[in-house]
Amino acid sequence: MTHRPVISSTGLFTPDDVITNEELVASFNAYVERFNAEHAAEIAAGELDPLQPSSVEFIEKASGIKARHVMAKEPVLDPAIMAPRWDERSNDELSIMAEIGVKAARQALERAGRDPADVDAVLCAASNMQRAYPAMAIEIQNELGIDGFGFDMNVACSSATFGIQTAADYIRAGNAKSALVVSPEITSGHLNWRDRDSHFIFGDVATAVLVEDAAIAPAEHWDILGTKLKTVFSNNIRNNFGFLNRAHPETAGTADKLFVQEGRKVFKEVVPMVAQMIVDEAGRLGIEPQSLRRLWLHQANAGMNRLISHRVLGHEANEDESPTVLDTYANTSSAGSIIAFHQHSEDLAPGDTGLICSFGAGYSAGTVFVRKTA
Ligand code: COA
């Protein structure tokens, strides 16, 4: 018996707190003023370069981002803290990453009318895990009451698409009939809010994708026509945080233990790689790229998406062909293309073909071609 993987539903959890570019820049510039005042003597002596202010205009022009959701707004905006803060939870409480993952997962299950007891696997696919073990996925599995197995996987911004292919492969192999891919992205924890070049990039969110065997899926679902993954090593997006930092306590708190990137290089190298990958994979699947009804692309930068969609579709894509959620969510790492799919897929007609595509650190990239049924 052949098993055909489909996407039955998606779920989304959005934190209540919002930080606009204006609020973000006001906080950043207050920090800059404070830093420069505190270091006035070294700056005057030419021993230290003064920090430069950020600007709302630059952020919007360079990235298309206007606001972002975060789990904890006040401490992020406090120039003396500029990092998320919340009460530490005991081992008996649901951890924060699991909590938001469960919220997104519950929505996906409800939308598919799926009883958690009928789910076989939970993959927590995200760009950072809040702890080493036990796996976040197993905690999410437990909270949802799923009898099966779960594990964590990290492929940075491509975690969700890598998770979808992994889940689809379990379905194809007959090892699962229903698998949840949950992506809780608390990126505010790995963003350096004091770094002018990147302080505006990220936001927090959680998404969930229910991948199932067509045999049990609800009538309205998305056929997975094909998935393709690619990785090419690069240091241009990197985060050196980890437990081995204990081996080097003198550098443990430094900026490269948070997100760092060479944004220009990433832009230049990733755009052609991803555009080519999409065109090649469409060719393999016998899909004319220009016939794609919609592209749900990774949400890192509006300019990158403009270029990629132009190369794929052969013309400048409009908001209907390549929707963006960057303006309100910013870059939410692996969750970005799933938010776009979640919010902008209901209007498609049966038979319409689209593409979910992610790309990011690694480098990593993943494509999931889907077709709407019913
Ligand atoms: N406010 C005001 N000016 C700023 C600024 C800020 N916050 N940050 C940088 N600038 C200035 C720089 O100093 C530079 O000035 P100069 O030209 O006088 O030297 C100028 O703006 C351009 O800086 P640059 O960093 O080259 O900007 P960019 O146009 O490449 O845009 C990114 C930066 C990060 C938005 C862009 O490179 C990008 O999106 N890359 C894709 C990578 C990505 O999003 N990765 C996320 C993980 S997938």
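Every number for a ligand or one of its atoms is a count from 1 in the order of the listing.
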Value for CZ (Arg238) from CZ (Phe259), rounded to nearest 0.5 Å, stands at 13.5 Å
Checklist entry - Cut-off 3.5 Å, side chains only: do Thr324 and Gln299 have a donor facing an acceptor? => result yes
- Residues Thr207 and His342: side-chain donor-acceptor under 3.5 angstrom: no
Check: of Arg264, Lys61, His199, min heavy-atom distance to atom 28 (P) of ligand 1 comes from Arg264
Checking heavy atoms under 4.0 Å, the part of Gln52 that sits near ligand 1 is neither
Q. Do ligand 1 and His298 have nitrogen or oxygen atoms that lie under 3.5 Å from each other?
A. no
If you scan protein heavy atoms around atom 44 (O) of ligand 1, the nearest is Ala300 CB, 3.7 Å
Heavy-atom protein neighbour under 4.0 angstrom from atom 15 (O) of ligand 1: no
task = Using the ring pair (Phe, Tyr, Trp, His ring centres under 6.0 Å) rule, take Phe149 and Tyr170 through it: C-alpha gap first, then chi angles, then the decisive distance, then the call.
result = CA-CA 12 Å; Phe149 66 93; Tyr170 282 132; 5.4 Å; yes
Note: ligand 1 atoms sitting under 4.0 Å from heavy atoms of Ala62 are 31 (O), 35 (C)
Polar atom proximity, Phe259 to ligand 1 (N or O, under 3.5 Å) | no
Near Met304 (heavy-atom distance under 4.0 Å), the atoms of ligand 1 are 41 (C)
* Give the intermediate values and the outcome of side-chain contact (heavy atoms from CB on, under 4.5 Å) for residues Thr353 and Ser291. => CA-CA 8 Å; Thr353 303; Ser291 75; 5.8 Å; no
Quiz prompt | atom 25 (O) of ligand 1 touched by protein (heavy atom, under 4.0 Å) | solution = no
dist Leu355:CG -> Leu297:CG (nearest 0.5 Å) comes out at 6.5 Å
In this structure, atom 40 (N) of ligand 1 is nearest to the protein heavy atom Gly263 O, 3.1 Å
Closer than 4.0 Å: a protein non-hydrogen atom to atom 37 (O) of ligand 1
yes
Judged by heavy atoms only, the candidate from Ile201, Asn301, Val266, Asn331 nearest atom 47 (C) of ligand 1 is Asn331
Ranked by distance from atom 1 (N) of ligand 1, the top protein heavy atom is Ser55 N, 3.2 Å
Applied to residues 175-195, the ring-ring contact (aromatic ring centres under 6.0 Å, His included) test, sequence neighbours excluded, yields His190-Phe202
Check your understanding: Does the side chain of Thr332 come under 3.5 Å of the side chain of Glu185 through a donor N or O and an acceptor N or O?
Key -> no
Might you confirm whether atom CG of Asp347 has over 12 heavy atoms from other residues, nucleotides or ligands at distances under 6.0 Å? yes
Heavy-atom proximity to atom 3 (N) of ligand 1, picking from Glu57, Arg196, Gln261, points to Arg196
(message) Looking only at the side chains, is there a donor atom on one of Ser178 and Glu212 sitting less than 3.5 Å from an acceptor on the other?
(response) yes
Atom 6 (C) of ligand 1 has as its nearest protein heavy atom Phe58 CD2, 3.2 Å
Under 3.5 Å side-chain donor-acceptor pair for Gln276 and Asp280 = yes
**Prompt:** Under 4.0 angstrom from atom 21 (O) of ligand 1, is there any protein heavy atom?
**Reply:** yes
Under 4.0 Å from one or more heavy atoms of Asp197, ligand 1 contributes atoms 8 (N), 9 (C)
